[in-house]
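Structure, as structure tokens:
Please read these numbers as outputs of a predicted model, since none were measured by experiment.
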Amino acid sequence: MLFIEYPKCSTCQRAGKWLEAQEAEFERRNIVENNPTKEELKAWHQKSGLPLKRFFNTSGMKYRELELKDRLKEMSEDEQYELLATDGMLVKRPLLVGEDFVIPGFKEKEWAEKIG
């Protein structure tokens, strides 16, 4: 599995510790140093089956600065992927990517169901 995190984020730290406690095999990736590409985001969004808005860090400063709450509705999916690929701080984290699932954000119950 791929665990995409912002190491300074307390939720990401909690999620990483939780994964370690489950003895899950995963690779860590710093979302700021190695932001997901447009192609990755598109593939993960499709694999997740979730609305694209779930991939945005709606509580982040960058999201508010860019006034995305109002602007997202008017943007095409392609434009949203482009925007997400420009800055890791716009992407909801942590992001857990497995072979047959993608989960943005950390909800222990949801993660437990996916990784067994």
Side-chain angles (χ1 to χ4, degrees):
M1 287 183 295
L2 180 59
F3 175 61
I4 301 170
E5 64 177 334
Y6 176 52
K8 294 179 183 174
C9 160
S10 59
T11 305
C12 293
Q13 292 167 2
R14 236 181 30 252
K17 286 178 182 156
W18 183 86
L19 281 172
E20 289 166 358
Q22 308 309 307
E23 297 181 357
E25 282 189 37
F26 64 96
E27 176 189 333
R28 289 181 182 268
R29 178 166 151 188
N30 183 322
I31 199 161
V32 176
E33 294 171 1
N34 190 356
N35 191 45
T37 65
K38 178 182 173 182
E39 292 72 26
E40 285 176 319
L41 290 159
K42 193 172 188 173
W44 295 341
H45 169 233
Q46 290 168 349
K47 191 187 287 190
S48 76
L50 297 167
L52 185 52
K53 187 173 184 199
R54 283 274 313 268
F55 284 79
F56 279 89
N57 177 13
T58 56
S59 57
M61 284 189 301
K62 192 82 174 173
Y63 184 88
R64 289 194 297 268
E65 271 174 32
L66 296 173
E67 299 175 348
L68 293 176
K69 183 180 178 205
D70 303 317
R71 291 182 47 215
L72 278 185
K73 297 173 196 124
E74 297 154 16
M75 295 172 76
S76 69
E77 276 195 355
D78 204 54
E79 290 170 322
Q80 291 180 47
Y81 292 132
E82 286 281 343
L83 183 60
L84 282 168
T86 64
D87 190 336
M89 298 308 269
L90 284 172
V91 181
K92 180 77 174 171
R93 56 193 187 271
L95 196 57
L96 189 63
V97 181
E99 232 173 86
D100 58 351
F101 65 87
V102 176
I103 310 170
F106 178 59
K107 291 191 177 93
E108 190 175 316
K109 186 177 181 221
E110 195 177 358
W111 284 34
E113 288 170 5
K114 290 294 182 189
I115 70 166

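Linking ILVMFWY residues whenever their side-chain heavy atoms come closer than 4.5 Å, directly or via other members, places Leu68 and Phe55 in the same cluster. Cluster annotation: Leu95 and Ile103 are assigned to distinct hydrophobic clusters (Ile/Leu/Val/Met/Phe/Trp/Tyr, side-chain heavy-atom contacts under 4.5 Å, transitive). A single hydrophobic cluster is not seen to contain both Tyr6 and Leu19; linkage of ILVMFWY side chains at heavy-atom distances under 4.5 Å, directly or through other members, places them apart. One hydrophobic cluster, built from ILVMFWY side chains closer than 4.5 Å, holds both Phe56 and Val97.
Rounded to the nearest 0.5 angstrom, Phe3 CZ and Asn30 CG are separated by 11.0 Å. Within the model, atoms CD of Glu79 and CG of Leu72 stand 10.5 Å from one another, a figure rounded to the nearest 0.5 Å. For the atom pair CG (Leu83) and CZ (Arg71), the distance works out to 6.5 Å, reported to the nearest 0.5 Å. For the atom pair Phe26 CZ and Glu20 CD, the distance stands at 4.5 Å (nearest 0.5 Å). If you take CD on Glu40 and CG on Leu84, they are separated by 12.0 Å, rounding to the nearest 0.5 Å. Between Lys62 atom NZ and Leu90 atom CG the span is 6.5 Å, to the nearest 0.5 Å.
Looking at heavy atoms from C-beta onward, Leu96 lies out of side-chain contact with Phe106 at the 4.5 angstrom threshold. Taking the side chain as every heavy atom from C-beta outward, Met1 and Phe101 approach each other to under 4.5 Å. Residues Asn57 and Met89 are not in side-chain contact: their nearest non-hydrogen atoms beyond the backbone lie 4.5 Å or more apart. Here the side chains of Trp44 and Val91 are not in contact, with every heavy-atom distance at 4.5 Å or above. Looking at heavy atoms from C-beta onward, Asp78 lies in side-chain contact with Lys38 at the 4.5 angstrom threshold. When side chains are defined from C-beta on, Ile31 counts as touching Pro36, because their heavy atoms get closer than 4.5 Å. Between Arg14 and Lys17 the shortest side-chain heavy-atom distance does not fall below 4.5 Å. Side-chain contact between Arg93 and Cys9 is present, with at least one heavy-atom pair separated by less than 4.5 Å.
The local environment of NZ in Lys69 is sparse, with at most 12 non-hydrogen atoms from other residues, nucleotides or ligands closer than 6.0 Å. Around the CD atom of Glu25, the shell of radius 6.0 Å holds no more than 12 heavy atoms that belong to other residues, nucleotides or ligands.
The pair Lys107-Glu113 does not count as a salt bridge, with every side-chain nitrogen at least 4.0 angstrom from each carboxylate oxygen.
Looking at Lys47, its side chain does come within 3.5 Å of a backbone N or O of Gly98 through a donor-acceptor pair. In this structure a side-chain-to-backbone donor-acceptor pair under 3.5 Å is present from Arg29 to Asn34. In this structure, Gln80 contributes its side chain and Met75 its backbone to a donor-acceptor pair below 3.5 Å.
Contact between Leu41 and Ala85 at its shortest, heavy atoms only, is CD1-N, 3.7 Å.
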